[in-house]
Amino acid sequence: SRSGVDYMEIGYKSSEKYFSRSDNGAWKFCSEDDLKRIVGGQDNPYGIAVDATDVYWSNADAGTIMTASKNGGAATERSSGQAYPLQVVLDATYVYWTNINGVTVMRVPKGGGVPTAIASGTPSPAGLVVDGTRAYWTTYSNPGTVNSVPIGGGAVTPLASGQNLPAGIATDGASLY
């Protein structure tokens with residue numbers, strides 16, 4: 001796929017009486033321990049994104065962007081000191097997120113590094129999507145907007161204004177929804 005994600009699996013709690021862990025794997029059958037292994041001890045986890053090997057999420061209250069292997073293990077901090085990070089999205093190289101209290105859209109290399117603002121100054125950035133060349137986000141305000149910026153940063157292009165508290169956004173590669 002364009003985003004580098006071929007599929008997404010969501011784990012769910014179910015009974016081992018009906019779904020064998022050995023036949024279905026930890027993500028097909030999630031016990032409390034399985035769920036805690038990935039997300040336990042987090043501080044208000046919010047946005048989540050996955051690629052072929054890892055899970056990425058924001059801890060809104062802690063101001064961090066985190067990652068862990070889909071196979072489990074310790075969580076790794078990719079960025080800290082963020083201003084209430086919400087939505088998290090990926091491309092092949094970067095993790096992107098919105099800082100709703102920091103009026104910024106950010107990115108950091110998946111493997112870690114220095115986070116950079118690709119857009120700033122738009123109030124309450126919330127929903128976010130990337131398409132390979134541009135990032136698109138909503139501003140959760142009334143009136144709200146839909147904006148765009150090149151994925152490496154640059155001039156912000158307003159796409160829609162006068163929206164009533166826009167939160168989510170999606171793309172199919174040709175249109176925004």
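Note: hydrogens, waters and symmetry copies are ignored here, and every other heavy atom, side chains too, is used.
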query = Q87 and W97: side-chain donor and acceptor closer than 3.5 Å?
reply = no

inquiry  = Does either side chain, that of Y96 or that of D91, offer a donor lying less than 3.5 Å from an acceptor on the other one?
reply    = yes

message = Minimum heavy-atom separation for P123 and S141, please, with both atom names.
response = CG-OG, 4.5 Å

Close side-chain approach of T122 to T145, heavy-atom, < 4.5 Å = no

query = Of the non-hydrogen atoms in P150 and A155, which two are nearest, and what is the gap between them?
reply = CD-O, 3.8 Å

Single-linkage hydrophobic cluster, 4.5 Å side-chain cutoff, W137 and I169 together = no

query = Tell me, do P85 and I65 make a side-chain contact under 4.5 Å, heavy atoms counted?
reply = yes

S148 and R134 side chains, donor-acceptor separation under 3.5 Å = yes

inquiry  = Taking Y140's backbone N and O only, do any of them form a donor-acceptor pair with T138's side chain (distance below 3.5 Å, no angle check)?
reply    = no

note = Nearest heavy-atom contact between A68 and A75 is CB-CA, 4.1 Å

note = Taken to the nearest 0.5 Å, the spacing of T98 OG1 from L128 CG works out to 6.0 Å

request  = Report yes if the side chains of T76 and R78 come closer than 4.5 Å at any heavy-atom pair, otherwise no.
outcome  = yes

message = To the nearest 0.5 Å, what is the distance between OH on Y56 and OG1 on T67?
response = 4.5 Å

task = Examine distances only and state if a side-chain atom of T171 and a backbone atom of G173 form a donor-acceptor pair shorter than 3.5 Å.
result = yes

key: D54 CG to S69 OG distance, which is reported to the nearest 0.5 Å   = 5.5 Å

task = Could you give me the CA-CA distance, side-chain angles and deciding distance for M66 and N59, then say whether side-chain contact (heavy atoms from CB on, under 4.5 Å) is met?
result = CA-CA 7 Å; M66 306 294 292; N59 280 329; 3.4 Å; yes

task = Flag the pair K110 and D51 as a salt bridge only when some basic side-chain nitrogen lies within less than 4.0 angstrom of an acidic carboxylate oxygen.
result = yes

query = Does the side chain of W57 come within less than 4.5 Å of V88's, by heavy atoms?
reply = no

ask   = So if you build clusters from Ile, Leu, Val, Met, Phe, Trp, Tyr with side-chain heavy-atom gaps below 4.5 Å, do M106 and L90 land together?
value = yes

message = Let me confirm one number: the CG-CG distance from N147 to L159, rounded to the nearest 0.5 Å.
response = 6.5 Å

request  = Return the minimal non-hydrogen interatomic distance between S161 and Q163, and the atom names on each side.
outcome  = O-NE2, 3.0 Å

V105 reachable from V149 in the ILVMFWY side-chain graph, under 4.5 Å edges = yes

ask   = Roughly how far, to the nearest 0.5 Å, is OG of S58 from CD1 of I48?
value = 9.5 Å

key: Side-chain donor-acceptor pair present, T104, N99, cut-off under 3.5 Å   = yes

inquiry  = Quick check: do V114 and V108 have side-chain heavy atoms less than 4.5 Å from each other?
reply    = no

request  = Check whether any side-chain heavy atom of V129 lies under 4.5 Å from a side-chain heavy atom of L176, and answer yes or no.
outcome  = yes

message = Would you say that V130 contacts Y136 through its side chain, given a criterion of any heavy-atom pair below 4.5 Å between the two side chains?
response = no

request  = Using modelled atom types only, decide if a donor and an acceptor are shared between the side chain of R107 and the backbone of T116 within a distance under 3.5 Å.
outcome  = no

task = For atom OH of Y84, decide whether the heavy atoms of other residues, nucleotides or ligands shown that lie under 6.0 angstrom number more than 12.
result = yes

key: For the student: nearest non-hydrogen atoms of P115 and G113, plus distance   = CD-O, 3.4 Å

